[in-house]
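This report refers to the structure that appears directly beneath it.
Keep in mind that what you see is a predicted model, and the values were worked out from it rather than measured.
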Amino acid sequence: MFYIYILYSEVSHIYYIGYSENYKRRFEEHNHSERNTFTHKHRPWILKVVFECGYDESKAMEIERFIKAQKSKRF
């Protein structure tokens, strides 16, 4: 099962949208990984919402791109 997850950084006042088969593991990685990534710079992250999106990874990627393309915090 793939999931879309949305994180929020209170420090930077930004959202991050991602997809994963294991959103709990990814959430931990975003908050604790030593790698220098975009999410590393805006810690700590809060998990705001998780959506199940089925077993098709390409569908999860399509939904993630759609949400990111909205460029709207209200969305």
For the residue pair [X] and [Y], what are the closest heavy atoms and their distance?
{"X": "Trp45", "Y": "Leu7", "answer": "CE3-CB, 3.4 Å"}
{"X": "Lys41", "Y": "Asn36", "answer": "CE-OD1, 3.8 Å"}
{"X": "Ile4", "Y": "Ala60", "answer": "CD1-O, 3.3 Å"}

Go through the steps for Tyr23 and Leu47 under the test side-chain contact (heavy atoms from CB on, under 4.5 Å), then give the verdict.
CA-CA 10 Å; Tyr23 71 88; Leu47 183 62; 4.0 Å; yes

Run the numbers on Ile6 and Phe51 for side-chain contact (heavy atoms from CB on, under 4.5 Å), then give the verdict.
CA-CA 9 Å; Ile6 300 176; Phe51 301 100; 4.3 Å; yes

Would you say [X] and [Y] are hydrophobically clustered, going by side-chain heavy atoms of ILVMFWY under 4.5 Å?
{"X": "Met61", "Y": "Tyr15", "value": "yes"}
{"X": "Tyr8", "Y": "Val49", "value": "yes"}
{"X": "Ile17", "Y": "Ile46", "value": "no"}
{"X": "Phe38", "Y": "Val11", "value": "no"}
{"X": "Val50", "Y": "Tyr16", "value": "yes"}

Could you verify whether a donor N or O on one side chain and an acceptor N or O on the other, from Thr39 and His30, lie under 3.5 Å apart?
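Thr39 vs His30: donor-acceptor pair found between side chains.
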
Between Arg26 (side chain) and Tyr19 (backbone), is there a donor-acceptor pair under 3.5 Å?
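Not a single qualifying donor-acceptor pair exists.
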
For Ile14, does its backbone N or O pair with a side-chain atom of Ser12 as donor and acceptor, under 3.5 Å?
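It does not hold such a pair.
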
Partner set under salt bridge (Lys or Arg N to Asp or Glu O under 4.0 Å) for [X], not counting sequence neighbours:
{"X": "Lys48", "answer": "none"}
{"X": "Arg25", "answer": "Glu29"}
{"X": "Lys24", "answer": "none"}

Lys59 and Glu62: CA distance, side-chain angles, deciding distance, salt bridge (Lys or Arg N to Asp or Glu O under 4.0 Å) verdict:
CA-CA 5 Å; Lys59 190 64 168 172; Glu62 181 182 326; 3.5 Å; yes

With side-chain contact (heavy atoms from CB on, under 4.5 Å) as the test, would you mind laying out the steps for Ser20 and Glu64 before giving the verdict?
CA-CA 10 Å; Ser20 178; Glu64 177 196 34; over 6 Å; no

State, with a plain yes or no, whether a side-chain heavy atom of Glu52 is found less than 4.5 Å away from one of Met1.
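In short, these two side chains touch, coming nearer than 4.5 Å.
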
Should Phe2 and Asp56 be marked as a side-chain contact (heavy atoms from CB on, under 4.5 Å) after you check the CA-CA gap, both sets of side-chain angles, and the distance that decides it?
CA-CA 7 Å; Phe2 284 93; Asp56 184 352; over 6 Å; no

